[in-house]
Amino acid sequence: MTLVGGPDAGYGPSMAAPDDLAFDPWDPAFVADPYPAYAELRQRGRVRYFEPTDQWLVAHHADVSALLRDRRLGRTYLHRFSHEEFGRTTPPPEHEPFHTLNDHGMLDLEPPDHTRIRRLVSKAFTPRTVERLKPYVRNLADDLAGALVEAGGGDLLKDVAEPLPVAVIAEMLGIPESDRAPLRPWSADICGMYELNPSEEAAAKAVRASVEFSDYLHDLIAERRRNPGDDLISGLIAAHDEDDDRLTEQEMISTCVLLLNAGHEATVNATVNGWWALFRHPDQLAALRADHSLVPTAIEELMRYDTPLQLFERWVLDEIEIDGQVIPRGAEIAMLFGSANHDPAVFTDPSRLDLTRADNPHISFSAGIHYCIGAPLARIELAASMTALLEKAPTLRLAAEPRRKPNFVIRGLEGLTVDVG
């Protein structure tokens with residue numbers, strides 16, 4: 001993802017939102033419930049400049065959906081311009097390990113590099129690979145839910161939501177169980193750089209995690225070169241096209257980190273955000289308990305209702321115009337996924353949680369060439385987790401009011417304490 005402003009940008013939690021705008025990503029009250037502010041943004045127009053992050057905010061579903069597919073925008077500009085040519089500051093040299101890791105992953109590349117890497121990754125990360133994981137995912141979800149029940153309750157975040165996707169991605173990559181403990185901390189520290197205006201402390205943690213994770217994967221890739229298996233890393237090593245083009249070592253490392261970070265952050269937060277929403281809507285929870293066939297539509301609705309990734313950034317590579325407002329090359333667009341998913345122009349009564357909602361074109365997995373490659377796996381994990389909890393803990397209930405994480409971009413809870421009745 002793109003870093004906004006940087007740790008020395010000179011604004012942050014103490015700075016109020018300008019022009020009495022309710023959009024204030026450093027206000028705990030806004031973070032707790034940003035959706036009324038999004039409604040105000042949509043009412044004020046299609047695009048609005050937000051000075052504290054030097055971004056143009058786009059809040060309507062139609063615009064966000066179109067811009068995600070607009071090739072005049074990019075996740076990077078370095079395939080066309082230098083930092084100086086684009087009017088941007090070169091990142092500090094001490095941040096280099098993070099940027100090397102981040103900038104070689106599909107999420108932050110544009111064609112032709114993005115096309116080449118996604119094509120090669122797709123040769124290893126196939127629907128068959130994902131389908132083969134289904135029994136493992138379901139058995140693990142059952143075990144985690146069963147342990148929660150046996151303990152009489154616990155923290156749904158730490159006991160179920162986190163362990164499941166981390167273990168699945170690790171299993172897919174072929175990371176031994178004895179090596180998995182640092183994966184979640186590494187991921188959390190790296191993802192800290194994706195928030196608005198990250199601090200120097202957050203940057204230092206991300207750099208350290210980038211170095212440690214990269215070093216570990218370098219050694220693991222070397223081992224898989226010597227002894228290939230049926231894991232995804234072995235598949236990435238073997239993947240090639242008709243011209244025998246292959247992933248570089250750095251591209252493999254960045255791909256593995258991206259799969260872990262993107263693949264489990266969304267699932268973890270979708271799980272706890274979803275159950276917190278269900279506890280606040282007992283009628284919907286009762287309907288789901290009475291009819292488990294609602295699980296597929298429930299997952300889509302819960303991801304729409306409280307979106308795990310609230311904001312997605314793009315650079316303006318060529319001047320664009322939105323509703324008469326010219327946005328120049330070098331500017332940055334902040335597409336508000338959470339707002340788009342609550343746009344009444346697309347969703348009937350968007351503030352209502354409706355697990356039977358059939359017409360649900362949410363954009364929680366993005367769109368266009370950067371549509372989440374792991375979306376099918378995420379849906380399998382979410383379905384397995386929800387089904388296991390419905391079956392093994394049919395009286396699951398909230399035991400303590402949860403606290404929101406202070407983060408805005410990646411939306412989640414500090415924990416979700418439950419008991420089993």
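Bear in mind that the values here come from a model prediction, so they are computed numbers and not experimental data.
- Geometrically, R184 does not engage W186 in a cation-pi contact, judged by NZ or CZ lying under 6.0 Å from the ring centre and within 45° of the ring axis.
- Electrostatic pairing of R357 and D354 does not count as a salt bridge here, judged by no charged N lying under 4.0 Å from a carboxylate O.
- Inter-residue side-chain proximity for S210 and I190 is flagged as met; some heavy-atom pair is nearer than 4.5 Å.
- For the residue pair N360/Y305, the side-chain donor-acceptor check at 3.5 Å is not satisfied.
- Between Y35 and Y38, the ring center distance clears the sub-6.0 Å criterion.
- In summary, the aromatic rings of H79 and H114 are positioned with their centroids too far apart to meet the 6.0 Å limit.
- Between the side chains of H370 and E110, at least one donor N or O sits under 3.5 Å from an acceptor N or O.
- If you look at F347 and H61, their ring centroids are closer than 6.0 Å.
- Ion pairing of E391 with R138 is present here, as a side-chain N (NZ or NE/NH1/NH2) and a carboxylate O approach within less than 4.0 Å.
- F81 does not carry R88 over the face of its six-membered ring by the limits of under 6.0 Å from the centre and within 45° of the normal.
- F23 has its side chain within reach of F30: a pair of non-hydrogen atoms, C-beta onward, lies under 4.5 Å apart.
- A side-chain N or O of R69 and one of S65 form a donor-acceptor pair less than 3.5 Å apart.
- Using a distance-only test at 3.5 Å, with no hydrogens or angles considered, no donor-acceptor pair links the side chain of S339 to the main chain of L336.
- Side-chain atoms of R304 come within 3.5 Å of backbone N or O of P350 as a donor-acceptor pair.
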Next item on the list: Report the C-alpha distance between L353 and E301 in whole Å, list the side-chain angles of each, state the deciding distance to 0.1 Å, and finish with yes or no for side-chain contact (heavy atoms from CB on, under 4.5 Å).
Entry: CA-CA 7 Å; L353 181 68; E301 174 67 349; 3.6 Å; yes
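- Under the 4.0 Å criterion applied to side-chain N and carboxylate O atoms, E300 and R379 are assigned as salt-bridge partners.
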